[in-house]
Amino acid sequence: MFVVSTEIKGHYLSYGKIIDDHSGGWGVNVFFEGRSLIYNVFFIAINIWRQPGQEKKILFLNGEQVLLPLLIRLLFPRYKVLSIVYYSFLGRGLRSQVKKIIFCISSMLGVFLYFLEGEEWLSGSKCLFKNNYRSLSDPALLEYKGFSDKCIGSDVITYLVVGYIDERKCVPEIVEALIAFAFDSKTSQRLIILGKQSPNVEKYLSGLVVPESLELLVLNERFSDDEYSQYLAVSDVVLAIYKDHLGSSGVVINSILYGKKVLFIPAGVTAAFEKRLGLKYLPRSSSSGAIKEALAKVANSVQYCDDARLRFLVGRSKKEFYLSLIS
């Protein structure tokens with residue numbers, strides 16, 4: 001099987017690793033930084049032609065490029081083509097409608113489309129050829145290791161921001177909200193920022209002066225799953241508040257896996273997370289005021305019940321994710 005991604009980051013790398021780990025490494029990864037549509041088609045085609053003995057199956061990890069899987073399907077009609085779609089099935093604008101038409105045509109021509117967290121959307125789809133549509137659960141990328149005791153004092157509320165820390169992660173707004181919340185509540189706060197930072201965020205944090213009521217731990221580095229698990233385990237609230245984010249969120253899913261409170265803006269795919277979990281106290285915007293209001297509500301409250309958490313995690317193992325794609 002050929003596993004294709006024209007972006008080398010985030011979900012795409014994580015999903016590629018899951019497939020490698022569970023397939024015994026017999027697949028071929030075609031990962032590259034994509035350019036124009038024609039260039040991408042040519043580059044992928046060359047890789048396929050060079051290895052004619054491989055299983056005749058091509059899986060696109062970044063199916064947001066809606067035309068690419070369709071063109072490859074037309075060029076290689078004997079190959080089974082699959083594509084993971086993250087969020088472009090959402091929305092009501094002209095661009096979104098055009099994408100939905102392309103998905104429907106792709107399905108008619110034999111492309112298998114896996115819509116990430118798309119169960120509810122699929123049930124209402126008007127496509128007449130959606131026999132090749134599938135819903136795919138976003139997997140929990142961490143393994144729950146049963147950490148139960150926090151390594152820090154219970155008189156401090158610990159917050160975690162984790163991942164690639166760029167401008168979309170709302171770091172200035174989060175810091176402002178935490179300072180304001182600590183001032184009003186007289187509660188000590190600890191903010192852990194874990195992950196490689198973009199230059200602008202790094203510049204902002206290097207010059208940041210915070211009051212004594214806010215302890216700031218900044219780890220500007222790539223991290224392992226074990227480190228991720230350790231910092232997640234000692235956190236009280238995970239902050240996955242992103243600007244203009246419509247896709248799924250591994251940070252939210254891993255937070256639920258560990259039973260942590262988590263704040264995010266319920267838009268796009270994650271709006272379904274709010275509904276399925278019955279989540280309370282989520283911010284509706286990325287403003288510092290909205291974040292502060294959510295922090296004040298969630299700090300000493302139960303955000304979701306354990307039964308909802310367990311139902312949400314059903315089918316989200318990495319093995320189940322892999323089996324869904326090859327079945």
Side-chain angles (χ1 to χ4, degrees), residues 1-19 29-32 34 37 40-41 44 57-74 76 79-141 242 244-250 252-253 266-273 276 315-316 318 320-327:
M1 177 169 69
F2 293 90
V3 181
V4 178
S5 176
T6 59
E7 294 184 44
I8 310 175
K9 64 179 183 181
H11 280 258
Y12 313 125
L13 292 177
S14 299
Y15 293 168
K17 186 176 187 305
I18 290 174
I19 293 166
N29 287 339
V30 185
F31 284 15
F32 63 104
L37 178 63
N40 293 346
V41 169
I44 293 165
K57 184 183 291 186
I58 305 167
L59 169 62
F60 286 89
L61 297 184
N62 55 331
E64 301 308 296
Q65 297 193 23
V66 295
L67 284 173
L68 190 55
L70 177 58
L71 291 178
I72 291 296
R73 170 65 180 170
L74 295 173
F76 296 92
Y79 281 69
K80 183 176 182 180
V81 177
L82 310 94
S83 181
I84 300 176
V85 183
Y86 292 85
Y87 60 84
S88 58
F89 54 93
L90 300 171
R92 300 181 181 276
L94 177 61
R95 187 174 182 181
S96 177
Q97 295 303 318
V98 170
K99 288 182 177 180
K100 291 172 186 176
I101 292 170
I102 295 172
F103 290 144
C104 194
I105 294 170
S106 298
S107 177
M108 180 182 69
L109 295 176
V111 178
F112 289 81
L113 296 164
Y114 290 81
F115 296 90
L116 198 67
E117 302 296 331
E119 183 176 353
E120 295 175 12
W121 179 81
L122 285 181
S123 65
S125 172
K126 305 300 183 183
C127 176
L128 299 177
F129 307 99
K130 61 180 182 179
N131 54 303
N132 288 334
Y133 283 9
R134 306 283 188 275
S135 179
L136 183 67
S137 295
D138 201 4
L141 297 177
Y242 310 150
D244 303 320
H245 183 79
L246 296 177
S248 184
S249 171
V252 172
I253 294 168
V269 171
T270 57
F273 292 179
R276 292 174 198 169
R316 294 190 184 276
K318 289 184 277 191
E320 287 169 312
F321 175 81
Y322 172 72
L323 292 175
S324 294
L325 292 173
I326 66 169
S327 60

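The residues of the chain are indexed from 1 along the displayed sequence.
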Under 3.5 Å, side chain of [X] to main-chain N/O of [Y], donor-acceptor pair present?
| X | Y | result |
| --- | --- | --- |
| Lys130 | Leu122 | yes |
| Arg316 | Phe321 | no |
| Ser327 | Ser324 | yes |
| Ser96 | Gly93 | no |

Can you find a heavy atom in the side chain of [X] that is under 4.5 Å from one in the side chain of [Y]?
| X | Y | result |
| --- | --- | --- |
| Ile84 | Leu59 | yes |
| Val85 | Glu64 | yes |
| Val81 | Leu70 | no |
| Leu82 | Lys57 | yes |
| Ile44 | Phe60 | yes |
| Asn132 | Leu113 | no |

Nearest 0.5 Å please: distance from the [atom1] atom of [X] over to the [atom2] atom of [Y].
| X | Y | atom1 | atom2 | value |
| --- | --- | --- | --- | --- |
| Cys127 | Met108 | SG | CE | 9.0 Å |
| Ser5 | Gln65 | OG | CD | 8.5 Å |
| Ser123 | Glu119 | OG | CD | 7.5 Å |
| Leu13 | Glu7 | CG | CD | 10.0 Å |
| Leu109 | Leu74 | CG | CG | 6.0 Å |
| Lys318 | Lys17 | NZ | NZ | 6.0 Å |

Taking the six-membered ring for Trp, is the centroid-to-centroid distance between Phe103 and Tyr133 below 6.0 Å?
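No, ring centres 6.0 Å or more apart.
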Verify whether the ring centers belonging to Tyr86 and Tyr12 lie closer than 6.0 Å.
yes
Closest approach of [X] and [Y], non-hydrogen atoms and distance?
| X | Y | value |
| --- | --- | --- |
| Glu117 | Ser135 | C-OG, 4.4 Å |
| Val269 | Leu90 | N-CD1, 3.5 Å |
| Ser83 | Pro69 | OG-CG, 3.6 Å |
| Leu116 | Ser248 | CD2-CB, 3.8 Å |
| Asp138 | His11 | OD2-CE1, 3.3 Å |
| Ser106 | Val66 | OG-O, 4.5 Å |

Evaluate the side-chain contact (heavy atoms from CB on, under 4.5 Å) criterion for residues Phe31 and Leu61: first the C-alpha distance (whole Å), next the side-chain angles of each, then the deciding distance (0.1 Å), finally the verdict.
CA-CA 10 Å; Phe31 284 15; Leu61 297 184; 3.6 Å; yes
Which residue in the set Asn29, Leu325, Ile19 passes side-chain contact (heavy atoms from CB on, under 4.5 Å) when paired with Met1?
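With Met1 as partner, side-chain contact (heavy atoms from CB on, under 4.5 Å) holds for just one option, Ile19.
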Quick one, Leu141 with Ile18, criterion side-chain contact (heavy atoms from CB on, under 4.5 Å). Give me CA distance, side-chain angles, the key distance, then yes/no.
CA-CA 9 Å; Leu141 297 177; Ile18 290 174; 3.7 Å; yes
Quick check on Asn131: does its CG atom have over 12 non-hydrogen neighbours (other residues, nucleotides or ligands) under 6.0 Å away?
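Atom CG in Asn131 is packed in, count exceeds 12.
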Could you check whether atom OH of Tyr87 has more than 12 heavy atoms from other residues, nucleotides or ligands sitting under 6.0 Å from it?
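12 or below, so no.
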Parallel, tilted or perpendicular: rings of Phe115 and Phe89 (30°, 60°)
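Judged by the thresholds at 30° and 60°, the geometry between Phe89 and Phe115 is perpendicular.
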